[in-house]
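Since this is a predicted model, take the numbers as computed values, not measurements. Throughout, a chain's letter reflects where its sequence line sits, starting with A, and its residues are numbered from 1.
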Amino acid sequence: MTTPARDYYGVLGLDRGASTEEIQRAYRKLARKYHPDVNKDPGAEERFKEIGEAYQVLSDPKSRQRYDRFGPSWRQVPEDFDAATAGSPFGGGFGSRTGGSRVWVDTGPGQSDLDLEDLLGQLFGSGGRGGGFGRGAVPGADTEAELELSVEEAYAGGRRRIALAGGGGSRSYEVTIPAGVTEGQRIRLAGQGGQGIGGGPPGDLYLVVRLLPHPRYRVNGRDLTVELPMSPWEAALGATVPVETPAGTAQVNVPAGSSSGRKLRLRGRGLPNPRGAAGDLYAEVRVMVPPDLSRAERKLFEQLAEKSTFDPRAAATRRSA
Amino acid sequence: MKYPLARPPRLSLDQFSAAAGLHPQQVQRLVALGLLDPLTTGGERLEFAPSQLAVVARVQRLRIGLGLNYAAIGVVLDLLARIEELEAALRAARRF
């Protein structure tokens, strides 16, 4: 993705026959989209440099012509080199004057002798900018990337290796995740953002926490909700039931007469909070009925149906009447 | 199948320039700067959707009212479009 010798036309999304105006238009639009202050993606800065580099070459008719003829290694070919008269020292790969086939073969990465520092100097001008950062020094832009964590990881915290596409290919970071991070919280990696210009300090990289959906826990801020399946008799008579929490199994006393939807709060059993009270864990009662009844169970339920005067719909009809 | 009774509303460069009150060359310049999006690109004949007239008006307002240059106006247009998009998403999320 970030090979130094990329096709300049490809970088700008253009055909080889693009007009000067089209090149300018593509450059302006892409530069706006990928400017490191507009686009927080860590790969944006690299992309922005590529776009600037491509435009530098293609906007000048002379360098564009040479690039069309010689391909990515055009800078290595002397200015006054004439492929038609000289015996080609480059393996005869260049188009001849008579054939006119302007075909070159991409030699892959590692062939470019571009000095990015040089180019950036030209792009941004090397003086008169930036207030308090020394002569012409501009600090780098902050970048942002998402960090996906499971509920367990957010609960326990710890160290983790992450790889991000950034300046000069993929960079990997060792990140310390504080226990009890929440959705949307930002973890700052100082000095890991975009590069400064002219000796300016680099920006910071912010990792924005995204909590992955969990099969058991629903997350709301620091509070967790977990379903608590119960049999009808447990719910009716009351019971002590084990509940899975991120810290391990806890015992919950379910009072008698708990219907589905009743929430039992386990204070402080949610996600921890480094600055203050931890979140709560809510166990939500869910009454489950056996899918297949044995003969004995069926008989007991029939007896219950005969004896019971309970009408779960009575309250609802009275309220609506 | 739909058969449009009228030609889809497209403005030629001359029509568009007349409606925007600009010289066609100035319109072409705005296209090269990436501020206007013509319907046809690459060809010699530019055509525009009528909605681009609102963009031209905004460009003029930003230039005259705030003294921005064209490169800055491009950034402002992109950011305003993104803010509109985010605000729409925020409204949709609140309703939910």
* **Listed partners of A:Tyr55 passing ring-ring contact (aromatic ring centres under 6.0 Å, His included), at least two apart** => A:Tyr27
* Asked: Among A:Arg28, A:Glu21, A:Lys33, which has the most heavy-atom pairs under 4.5 Å with chain B?
  -> A:Arg28
* Under 4.5 Å from a heavy atom of chain A, the part of B:Arg82 involved -> side chain
* **Contacting moiety of B:Leu30, where chain A heavy atoms sit under 4.5 Å** => neither
Please check if the number of heavy atoms outside [X] that lie under 6.0 Å from its [atom1] is greater than 12.
X: A:Lys40; atom1: NZ; result: yes
X: A:Asn220; atom1: CG; result: no
X: A:Arg210; atom1: CZ; result: yes

* Dump the intermediate steps for salt bridge (Lys or Arg N to Asp or Glu O under 4.0 Å) on B:Glu84 and B:Arg58, then the final yes or no. => CA-CA 15 Å; B:Glu84 260 164 45; B:Arg58 187 175 250 184; 3.7 Å; yes
* Structure fact -> Under a 4.5 Å heavy-atom criterion, the part of residues 60-80 of chain B in contact with chain A comprises B:Ala71, B:Gly74, B:Val75, B:Asp78, B:Leu79
* May I have the step-by-step check of side chain to side chain contact (heavy atoms under 4.5 Å, CB included) for A:Leu12 and A:Leu58, ending in yes or no? => CA-CA 10 Å; A:Leu12 294 178; A:Leu58 298 186; 4.0 Å; yes
* Asked: Looking only at atom types and distance, does a side-chain atom of A:Asp142 sit under 3.5 Å from a main-chain N or O of A:Asp204, one as donor and one as acceptor?
  -> yes
